[in-house]
2 protein chains.
Amino acid sequence: MVLCDAPRPRNANATRQAILEAARERFCSDSYDDVGMRDVARDVGVDAALISRYFGSKEDLFVAVLDSCKNGRDLMDGPREDFGERLAREIVYGEVMPCQDDGAGAKMRGLLILLRSVGSAKAMDVMQRTSNNRFFDPLAAWIGGPDAPVRARLAAGLIMGMAIGRELSDGYSSLGETQKAELARRMAVALQGLIDN
Amino acid sequence: MVLCDAPRPRNANATRQAILEAARERFCSDSYDDVGMRDVARDVGVDAALISRYFGSKEDLFVAVLDSCKNGRDLMDGPREDFGERLAREIVYGEVMPCQDDGAGAKMRGLLILLRSVGSAKAMDVMQRTSNNRFFDPLAAWIGGPDAPVRARLAAGLIMGMAIGRELSDGYSSLGETQKAELARRMAVALQGLIDN
DNA sequence: AGCGCCAGTCAACGTTCGGTGACTTAATGA
DNA sequence: TCATTAAGTCACCGAACGTTGACTGGCGCT
């Protein structure tokens with residue numbers, strides 16, 4: 001999305017930041033393979049060569065984007081007894097997708113980016129590292145207790161799977177409003193059970 | 001995997017079938033974008049042009065592969081009260097990945113292929129159609145009852161998410177044997193709860 | 001044996017990709 | 001005002017992709 005046709009003021013830091021944000025937006029809505037350097041460059045209104053210059057390689061850009069996202073830890077702030085409901089609401093209703101700069105879904109952004117690029121061989125290394133450091137491990141630490149790693153995997157699995165199912169089902173568009181509410185309710189219960197139990 | 005260096009006997013049907021199987025294997029272990037026509041062709045020991053000739057386009061080949069897989073309905077054969085445990089075992093332990101021609105994971109193959117290519121923009125259309133026709137809908141029908149679609153989404157979500165988590169965690173290699181068992185047990189319980197409840 | 005058909009090959013096309021190095025242009029300090 | 005530095009552009013590379021059309025060679029039929 002080109003925001004302005006006027007020539008960008010020559011400010012390396014600002015441009016670098018703009019590239020990072022454009023890339024973040026792209027990686028939020030397309031997989032690693034489907035995001036092209038030229039796409040990101042066009043969004044910023046800059047030549048693609050500049051991205052290589054600032055960030056090195058595409059993979060480095062991807063890492064920088066992931067680092068720029070809020071830590072997965074933020075998923076868990078809020079009362080523990082609401083965890084399931086908060087997450088379920090965030091996934092079933094629209095706050096996940098849009099990926100605005102500071103929207104309600106900001107805390108989901110890192111996870112969303114990871115989900116988008118699941119299956120991309122080129123991004124696998126980065127993904128595995130990041131998903132552990134930023135998502136599984138914090139979640140397990142937050143859950144606590146002896147079986148925390150196991151329960152974290154389960155909770156994360158349900159969250160990821162539902163987010164993907166949402167993609168596959170085009171935002172659960174085939175479900176009516178009451179069914180959607182029921183889906184959110186049931187997901188909240190299941191999720192809460194996974195971390196409480 | 002080239003099985004034989006001797007020139008393939010001139011049999012269009014057999015060759016077509018061989019291409020289909022090689023493609024199925026490829027799509028099982030790599031995403032749509034990461035599977036190249038030349039890769040498949042090399043596996044069969046045939047020129048890539050032949051695939052275009054037989055199947056039309058890459059997307060058509062992908063559709064043909066999905067059609068050649070067992071219907072998702074097969075996931076559900078077996079006693080209903082074992083559903084959770086069967087699926088959990090299949091996902092936590094190794095039967096999903098290998099994707100041999102007639103292995104125990106054969107019934108998971110269609111789902112696995114779908115999961116691999118989640119996120120690929122080029123495969124999205126096919127994926128959405130297939131995942132509904134072959135996976136969500138049969139599962140909902142099997143579950144039955146008023147909230148079947150909702151519960152099917154949840155069960156499918158957990159299954160998909162755990163399968164993906166398995167990818168991200170390199171086969172849950174960081175978990176010990178007892179933790180793995182605990183993971184399978186908890187997943188079985190959660191899954192069973194989603195369809196029974 | 002000769003012929004025609006068809007499975008399969010080959011070389012090439014046009015595109016797109018990520019990345020590089022040389023260039024131009026704008027801002028800055030003396 | 002002018003030279004220097006850094007920001008940004010431009011043309012291009014080599015590789016990979018899916019796909020095409022012309023070609024080749026072996027098989028079966030008469």
Side-chain angles (χ1 to χ4, degrees), chain A residues 2-23 26-27 30-65 116-117 119-126, chain B residues 2-23 26-27 30-65 116-117 119-126:
Chain A
V2 180
L3 296 176
C4 186
D5 288 354
R8 161 177 303 280
R10 291 190 156 221
N11 181 335
N13 277 347
T15 302
R16 205 191 135 92
Q17 205 59 29
I19 291 172
L20 202 62
E21 279 169 24
R26 282 278 176 181
F27 283 125
D30 297 306
S31 82
Y32 183 85
D33 292 323
D34 289 329
V35 172
M37 307 285 267
R38 290 169 171 86
D39 299 327
V40 177
R42 200 177 317 117
D43 292 345
V44 183
V46 116
D47 193 274
L50 202 62
I51 305 182
S52 290
R53 214 221 241 325
Y54 281 166
F55 291 91
S57 66
K58 180 181 179 181
E59 184 173 325
D60 292 335
L61 175 64
F62 189 58
V63 171
V65 164
R116 286 279 182 212
S117 292
S120 164
K122 286 168 208 136
M124 255 294 243
D125 298 344
V126 180
Chain B
V2 180
L3 296 176
C4 186
D5 288 354
R8 161 175 304 280
R10 298 195 146 218
N11 181 335
N13 277 348
T15 301
R16 204 190 136 93
Q17 205 59 29
I19 291 172
L20 202 61
E21 279 169 24
R26 283 278 176 182
F27 283 125
D30 297 305
S31 83
Y32 183 85
D33 292 321
D34 289 330
V35 172
M37 306 288 266
R38 289 170 171 84
D39 299 326
V40 177
R42 200 176 319 115
D43 292 346
V44 184
V46 117
D47 193 274
L50 202 62
I51 305 182
S52 289
R53 172 106 106 208
Y54 282 166
F55 291 91
S57 66
K58 181 181 178 180
E59 183 172 326
D60 293 334
L61 174 64
F62 189 58
V63 172
V65 163
R116 287 280 183 211
S117 292
S120 163
K122 286 167 209 137
M124 256 294 243
D125 299 344
V126 180

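Below, chains carry the letters A, B, ... as their sequence lines are ordered, and counting in each starts from 1. Bear in mind that the values here come from a model prediction, so they are computed numbers and not experimental data.
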Check the distance between C/dG19's P and A/K58's NZ and give it to me in whole angstrom. 8 Å

Using atom CE of B/M37 as one end and atom C1' of C/dA12 as the other, report the distance to the nearest whole Å. 17 Å

Would a 4.5 Å heavy-atom cut-off, applied to side chains only, mark B/T15 and B/Y54 as touching? yes

Grab the CG-P distance between A/N11 and C/dT28 for me, whole Å please. 10 Å

Atom CG of B/D47 to atom P of D/dC23: distance rounded to whole Å? 17 Å

Under 4.0 Å between any heavy atoms, over every strand shown, what does B/F55 touch: base, sugar-phosphate, or nothing? Just pick one. nothing

Report the nucleotide, chosen from C/dT20, D/dT19, C/dG8, that has the shortest atom-to-atom distance to any side-chain atom of B/L50. C/dG8

Between A/D43 and A/A22, is there a donor-acceptor pair closer than 3.5 Å when you use the side chain of the first and the backbone of the second? no

Figure out the OH/P separation between A/Y54 and C/dT20, and round it to whole Å. 16 Å

Quick check: closest heavy atoms across B/V40 and B/A23, and the distance to 0.1 Å? CG1-N, 3.9 Å

Options C/dA7, D/dT9, D/dG18, nucleotide nearest the side-chain atoms of B/R10: C/dA7

Scan A/V40 against the nucleic acid and name what it touches under 4.0 Å (heavy atoms): base, sugar-phosphate only, or nothing. nothing

Search all heavy atoms of A/M37 against all heavy atoms of A/S57 and return the closest pair with its distance. CE-C, 4.5 Å

Of all the choices, D/dT19, C/dT20, C/dA7, which nucleotide is nearest to the side chain of B/R38 once you look at every atom? D/dT19

Could you state the atom-to-atom distance from OH of B/Y32 to P of D/dC17 in whole Å? 13 Å

From CZ of B/F62 over to P of D/dC17, roughly how many Å is that when rounded to an integer? 17 Å

Students often get this wrong, so: under 4.0 angstrom with heavy atoms, is A/A49 touching a base, only sugar-phosphate, or nothing? base

Check if the side chain of A/R53 and the base of C/dT20 share a donor-acceptor pair of N or O atoms closer than 3.5 Å. no

Is any side-chain nitrogen or oxygen of B/S57 closer than 4.0 Å to OP1 or OP2 of D/dG18? no

Tell me whether the side-chain N/O atoms of A/T15 come closer than 4.0 Å to OP1 or OP2 in D/dA7. no

Please determine, for the side chain of B/A48, which listed nucleotide (C/dT20, D/dG21, D/dT19) has the closest atom? D/dT19

Atom CD of A/E59 to atom P of C/dC17: distance rounded to whole Å? 18 Å

Testing the basics here: between A/R26 and A/V35, what is the closest heavy-atom pair and its distance to 0.1 Å? O-CG2, 3.7 Å

